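These notes concern the structure reproduced below.
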Amino acid sequence: MAQKTFYITTALYYSNDNLHIGHAYEAVATDAMARYKRLRGYDVKFLTGMDEHGQKIEQAALAADRTPQQHVDYIADLTKSLMKTLDIDYDIFWRTTDVAHKAAVKKIFNQLYEQGDIYKGAYEGLYCMPCEAFYTQTQVKGGKCPVCERGVESIKEEAYFFKLSKYQDALITHIEANPEFIQPKSRANEMLNNFLRPGLEDLCVSRTSFKWGVPVDFDPDHVVYVWIDALSNYAVGLGYTGEDDADYKKYWPADVHIVGKDIVRFHTIIWPALLMALGQPLPKQVFGHGWLHIDGKKMGKSLGNAIDPNMLVGRYGVDAVRYFLMREVVFGQDGNFTNEALITRINADLANDLGNLLSRTVGMIDKYFGGKLPAVQSDTEFDESLRETAAMVAKKCEEAYDNMQFSDALNEIWNFVRRANKYIDEVMPWVLFKEGGKEDVLAGSLYMLAESLRIIAILIEPVMPNTPRHIYEQININDDAIKTWESAKKFGLLGREVDICKGDIVFPRIDLKKELEELANL
Ligand code: MSP
């Protein structure tokens with residue numbers, strides 16, 4: 001049977017140097033899903049990249065004394081380096097300034113113009129430059145952008161329009177017939193009630209007030225307005241309209257576009273309408289995640305409260321940061337970032353629960369058996385309950401990951417981690433050791449713990465790509481066959497003769513008070 005494909009994307013990040021923990025959040029979630037699908041045996045393509053055109057970027061380049069191209073090159077390097085720091089294992093890093101991208105955008109624009117889906121008119125409207133979006137009089141309250149609350153300006157210019165209104169009924173039908181298309185469900189209702197049912201207006205798709213963009217082929221005073229340019233990346237990044245479109249044929253339609261709630265509208269109305277006009281299949285799903293806030297407020301460099309993910313990874317390690325992001329916030333809802341919540345979770349869940357389980361297990365095998373468990377089979381009265389939890393955890397976790405409910409998946413795993421720690425307290429290996437004569441029982445129960453750790457290592461891998469390696473090293477697991485997702489559904493695959501290799505503490509405890517003081521003084 002042919003391997004199943006899975007195509008997943010993040011939004012393209014605007015080319016600016018203030019990518020913060022909110023952007024990292026989206027990248028980590030997308031990466032976790034891509035890793036999960038790879039573990040499940042899918043042929044995965046994961047696209048991320050940069051949205052590099054527009055007036056705001058042109059102005060930022062000028063302010064930094066760079067040409068726009070130099071500026072976006074510089075930012076693309078910074079972003080790639082952040083992705084590396086966060087262990088984002090993407091397949092494609094797409095840039096809208098790529099020669100192939102610009103050529104494709106021209107082709108798409110030409111086709112839509114030639115078939116009558118794009119026409120020339122005049123635009124008059126209220127424009128928010130930071131958001132690069134037009135708003136209607138009713139959306140703008142007190143002269144302020146409804147999204148970022150900064151000032152909007154009144155603009156009139158000759159422009160090309162995409163016949164978005166023509167696709168209104170088809171979009172409504174599609175959304176109603178495909179409940180999976182927009183997730184979470186509440187966002188589908190929002191699109192239907194706030195935008196689609198009240199009626200769509202045609203969309204302005206070109207600008208003459210700036211130059212930094214893809215020029216309209218047949219009218220070069222105009223540049224293609226950013227949304228057509230940016231949205232088309234998801235298909236163009238696979239080769240759509242290009243000479244080699246093998247990947248497009250293989251991976252399109254996308255299984256899921258992961259985007260923040262602020263841009264769900266563009267991805268579930270404009271993008272599908274463009275695809276309909278181009279006669280291409282629609283993505284199977286757009287998942288609109290919530291936003292990470294700081295003290296309940298929007299985060300941003302200009303607001304002075306942006307948290308730098310590089311700094312967090314530098315202090316606590318990448319797996320701890322990824323764990324926190326995926327565990328703390330229900331995917332789909334907004335969440336709040338605080339240093340205290342982060343450190344508390346590192347201490348409780350990682351240092352205490354998981355770290356202790358590993359160090360206690362390895363420590364006891366070392367102390368009681370000189371590092372090597374004898375190959376004996378023995379059960380304690382507590383084994384059944386641990387085995388039962390183990391038997392359920394992979395399935396429950398799978399269900400949660402399948403629905404992109406990362407926090408639920410981690411919660412299930414941590415219930416198992418805590419169950420295993422409780423097992424140690426129940427069995428009391430130190431008493432068995434002291435009493436003597438029960439080496440088989442002692443070895444058998446330590447085996448139970450080592451085997452539990454093997455399963456835990458597999459299940460955390462999508463979110464924590466490095467920690468499994470430390471667990472495998474310390475328990476000395478080399479056989480890839482018992483590191484697969486399917487193998488996590490079976491208890492007892494680890495050979496009985498466990499030969500440990502004691503290592504460093506994986507998650508050291510952090511002094512909360514001292515750390516918070518240090519962070520406050522940064
Ligand atoms: N360039 C557009 C997207 C074009 S997609 C064809 C854009 N860029 S962005 O850099 O502003 O945002 C990129 C992604 O990061 C978006 O999905 C956005 O919702 C997300 N986030 C930005 N701030 C965020 C938080 N504070 N929290 C969570 N996600 C955040 O929009």
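Numbers here simply count residues along the sequence, with the first being 1. Note that the structure is a prediction, hence the values are computed from the model and not measured. We count ligands from 1, going down the list as the structure has it; atoms in each ligand are counted the same way.
Atom 3 (C) of ligand 1 has as its closest protein heavy atom Leu12 O, 3.2 Å. In terms of protein heavy-atom proximity, atom 17 (O) of ligand 1 is nearest to Glu26 OE1, 2.5 Å. Protein heavy atom at the shortest distance from atom 23 (N) of ligand 1 is His20 CE1, 3.5 Å. The nearest heavy-atom contact from the protein to atom 19 (O) of ligand 1 is Asp262 OD1, 2.6 Å. In terms of protein heavy-atom proximity, atom 11 (O) of ligand 1 is nearest to Tyr14 CD1, 3.2 Å. The shortest contact between atom 25 (C) of ligand 1 and any protein heavy atom is with Gly22 CA, 3.4 Å. Of the protein's non-hydrogen atoms, Leu292 N, 2.9 Å is the one closest to atom 27 (N) of ligand 1.
Under the 6.0 Å cut-off for aromatic ring centres, Tyr7 and Tyr234 do not qualify, their centroids lying 6.0 Å or more apart. In summary, the aromatic rings of His174 and Phe181 are positioned with their centroids under 6.0 Å apart.
Applying the 4.0 Å criterion to heavy atoms of Asp51 picks out, from ligand 1, the atoms 1 (N), 2 (C), 4 (C). Annotation for ligand 1: atoms under 4.0 Å from non-hydrogen atoms of Gly290 are 28 (C). Below 4.0 Å from some heavy atom of Val259 lie the following atoms of ligand 1, by number and element: 17 (O). Per-residue contacts place Ala230 under 4.0 angstrom from the following atoms of ligand 1 (heavy atoms of the residue considered): 6 (C).
His293 does not count as a contact of ligand 1, since none of its heavy atoms falls under 4.0 Å from the ligand. Not close to ligand 1: Phe266, with no non-hydrogen atom less than 4.0 angstrom away.
Contacts with ligand 1 closer than 4.0 Å are made by side-chain heavy atoms of His267 only, the backbone lying farther away.
Checked by atom type and distance alone, the side chain of Arg322 pairs as donor or acceptor with a backbone atom of Asp87 at under 3.5 Å.
For the pair Trp291 and ligand 1, the shortest N or O to N or O distance falls below 3.5 Å. Residue Gly260 has at least one nitrogen or oxygen atom sitting less than 3.5 Å from a nitrogen or oxygen atom of ligand 1, judged on distance alone. Inclusion of Tyr13 in the set of residues having an N or O under 3.5 Å from an N or O of ligand 1 is not warranted.
A salt bridge between Arg95 and Asp73 is present, with a side-chain N of the basic residue lying under 4.0 Å from a carboxylate O of the acidic one. Under the 4.0 Å criterion applied to side-chain N and carboxylate O atoms, Lys4 and Asp43 are not assigned as salt-bridge partners. The existence of a salt bridge linking Lys37 and Asp255 is excluded, since no basic side-chain nitrogen approaches an acidic carboxylate oxygen closer than 4.0 Å. In this structure, Lys298 does not pair ionically with Glu149, as no charged nitrogen and carboxylate oxygen lie closer than 4.0 Å.
Taking all heavy atoms of His23, His289, Lys261 into account, the minimum distance to atom 29 (N) of ligand 1 is reached by His289.
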Indicate every side-chain donor-acceptor pair of residues 213-230 with a distance under 3.5 Å to a residue at least two apart or in another chain.
from	atom 1	to	atom 2	distance (Å)
Asp217	OD2	Asn110	ND2	2.9
Asp219	OD2	Lys120	NZ	2.9
Asp219	OD2	Tyr160	OH	2.5
His222	ND1	Ser206	OG	3.0
Tyr225	OH	Glu132	O	2.2
Asp229	OD1	His101	NE2	2.8
Asp229	OD2	His53	ND1	2.6

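A donor-acceptor contact closer than 3.5 angstrom links the side chains of Glu515 and Tyr316.
Geometrically, Arg327 does not engage Phe406 in a cation-pi contact defined by less than 6.0 Å to the ring centre and at most 45° from the axis.
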- [ ] Apply salt bridge (charged side-chain N to carboxylate O under 4.0 Å, His left out) to Glu157 and Arg207, showing your working.
- [x] CA-CA 8 Å; Glu157 62 181 38; Arg207 307 296 312 279; 2.8 Å; yes
